[in-house]
S.K.: 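I have a structure here, written as structure tokens, and I will follow up with some questions on it.
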2 protein chains.
Amino acid sequence: MTPSAQTTQPRRSDATRAAILRAARERFAADGYERATIRAIAADAQIDPSMVMRYYGSKEGLFAAAAEFDLRLPDLTSVPPGRLGEVLVRHFLARWEGDETLVALLRAASTNPGAAERMRGIFADQLTAAVATFGSDPALTARRAGLVASQILGLAFTRYIVRLPPMVDTSPEELVAWVAPTLQRYLTGTPPS
Amino acid sequence: MTPSAQTTQPRRSDATRAAILRAARERFAADGYERATIRAIAADAQIDPSMVMRYYGSKEGLFAAAAEFDLRLPDLTSVPPGRLGEVLVRHFLARWEGDETLVALLRAASTNPGAAERMRGIFADQLTAAVATFGSDPALTARRAGLVASQILGLAFTRYIVRLPPMVDTSPEELVAWVAPTLQRYLTGTPPS
DNA sequence: AGTGTTTGCCAACAACTGTTGGCAACGGGC
DNA sequence: GCCCGTTGCCAACAGTTGTTGGCAAACACT
């Protein structure tokens, strides 16, 4: 949404914009959409609440900007077909241990229709597209992607949102070992009768 | 929480209490904790908002009453060991297609710490207890239960909350067929090295 | 220097939130 | 009949929310 064309020199307010975005992601991730107030976000960013409105228009606009997210899925065609599940779990775990945007999106998606829509878009577009790259029956692609999403999001939900003790205490590598075969079967397994 | 002892005749207000609880579950399930306002719940139940306070003390008290939930897990010792996964998925799907309490709890758990705590309790207590019934290594029981919870809650999250199209469109029976082997492995599979 | 734009803060708004106290109507027990 | 607890509604409170308009300082450019 930055209206910069070509070699527009950076605006002086870009730092403020970035600070707001960073604070917004933190708050949305920690509190969800409705409990994360503009005032609290502005306080974290050490600016006035009205600046948030000027730069992002509304709370929804701020969230839309803060929840911009790319799964950065690797090219699955260059992965040995038998290790697809393993690669995917490992990627997802790494992806959101290091970036709270997806946690923010996950929390907000439970109560905010716009966030749910965004989540649907991310998984329907990016994940389904990645699954589609290694051929197989196109009619099944969406379903396979959906099943993968269910396990991946369930993992995130129990580990980062609800914080179920056994899911929090287990190391990423052990989680990968347990969950990889599941994704592998959802991706390449033969469908039930 | 009903203070009735022995043969206390039913109070005249029991109908109102029940109406409030029913409306509360609906609203919490549809909107989450913070967007479900007491005023809206009272309107649905066709009574005054102040009645909600009188009968349930506070919004938190109302939620605590509305989110009372029993998984009603069947006795797993009488299930053929090879069909544990199948029985579990089928049970869970049936359990919350017919009762919106768990959807309410799921939505609220994303933003409300109390709801998350309640969710942790339900799965840590009821599910772990059920998993523990068929022996095996006690040290692994919690982890197995956690993994099962991750797939079960991921299924519910994608189907009822985010409403991912492929997960909504797939029939319960087909979901059972896909997901049962996953739970089966989490429950009885050999742990990774 | 002088002008116009950008960046920021302050104060306030209207709406909505959970929550409270008082008061009328109704009920059963004596 | 009378009386007391229950059930219900109304009006209002205090606080918080997203959002807005105006005004001062800082800046960029001639």
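The sequence lines fix the lettering, A, B, ..., with proteins before strands; numbering per chain opens at 1.
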S.K.: Taking atom P of D:dG18 as reference, at what distance in whole Å does atom CD of B:Glu34 sit?
M.R.: 12 Å

S.K.: Any donor-acceptor pair under 3.5 Å linking the side-chain atoms of B:Tyr160 with those of B:Glu97?
M.R.: yes

S.K.: Nearest nucleotide by nearest heavy atom, which residue falls closer to the 5' end of DNA chain D, A:Arg35 or A:Gly57?
M.R.: A:Arg35

S.K.: Might you point out which heavy atoms bring A:Ala130 and A:Leu73 nearest each other, and give the distance in Å?
M.R.: CB-CD1, 3.7 Å

S.K.: Which nucleotide in the list D:dT17, C:dT19, C:dG8 gets nearest to the side chain of A:Thr16?
M.R.: C:dG8

S.K.: With sugar-phosphate meaning primed atoms plus P, OP1 and OP2, does A:Tyr56 contact a base, only sugar-phosphate, or nothing at under 4.0 Å between heavy atoms?
M.R.: nothing

S.K.: Write down the distance between CZ (A:Phe63) and P (D:dT17), rounded to a whole number of angstrom.
M.R.: 18 Å

S.K.: Taking for each residue the nucleotide of DNA chain D with the nearest heavy atom, is it A:Ser58 or B:Ile47 whose nucleotide lies nearer the 5' end?
M.R.: B:Ile47

S.K.: Looking only at side-chain atoms of B:Lys59, point me to the closest of C:dG22, C:dG8, C:dG18.
M.R.: C:dG18

S.K.: Please find the pair of heavy atoms, one from A:Asp31 and one from A:Arg107, that lie closest to each other, and give the distance.
M.R.: C-CD, 4.3 Å

S.K.: Given atom CG of A:Asp14 and atom P of C:dT7, what is their separation to the nearest angstrom?
M.R.: 8 Å

S.K.: Consider the side chain of B:Met51, meaning its heavy atoms from C-beta on, and name the nucleotide among C:dC9, D:dT7, C:dT17 that approaches it most closely.
M.R.: D:dT7

S.K.: What's the CE-P distance between A:Met53 and D:dT19, to the nearest Å?
M.R.: 4 Å

S.K.: Looking at every heavy atom in both A:Trp178 and B:Gly189, which two are closest together, and how far apart are they?
M.R.: CH2-O, 4.1 Å

S.K.: Choose from C:dT20, D:dT20, C:dG8 the nucleotide whose nearest atom is closest to any side-chain atom of A:Arg54.
M.R.: C:dG8

S.K.: Do the side chain of B:Thr37 and the base of C:dC16 come within less than 3.5 angstrom through a donor-acceptor pair of N or O atoms?
M.R.: no

S.K.: Regarding B:Glu34 and B:Thr111, do their side chains bring together a donor and an acceptor under 3.5 Å, going by distance alone?
M.R.: yes

S.K.: A:Ile38 has a side chain; which of D:dT19, D:dC9, D:dA12 sits nearest to it?
M.R.: D:dT19

S.K.: Once you round it to whole Å, what is the distance between P of C:dT6 and CZ of A:Arg17?
M.R.: 11 Å

S.K.: Could you work out which one of C:dC10, C:dT19, D:dC10 sits closest to the side chain of B:Ser50?
M.R.: D:dC10

S.K.: Report the nucleotide, chosen from C:dT19, C:dT7, D:dT7, that has the shortest atom-to-atom distance to any side-chain atom of B:Tyr55.
M.R.: D:dT7

S.K.: Assuming nearest nucleotide by heavy-atom distance, tell me which of A:Asp48 and A:Arg39 is located more 5' along DNA chain C.
M.R.: A:Asp48

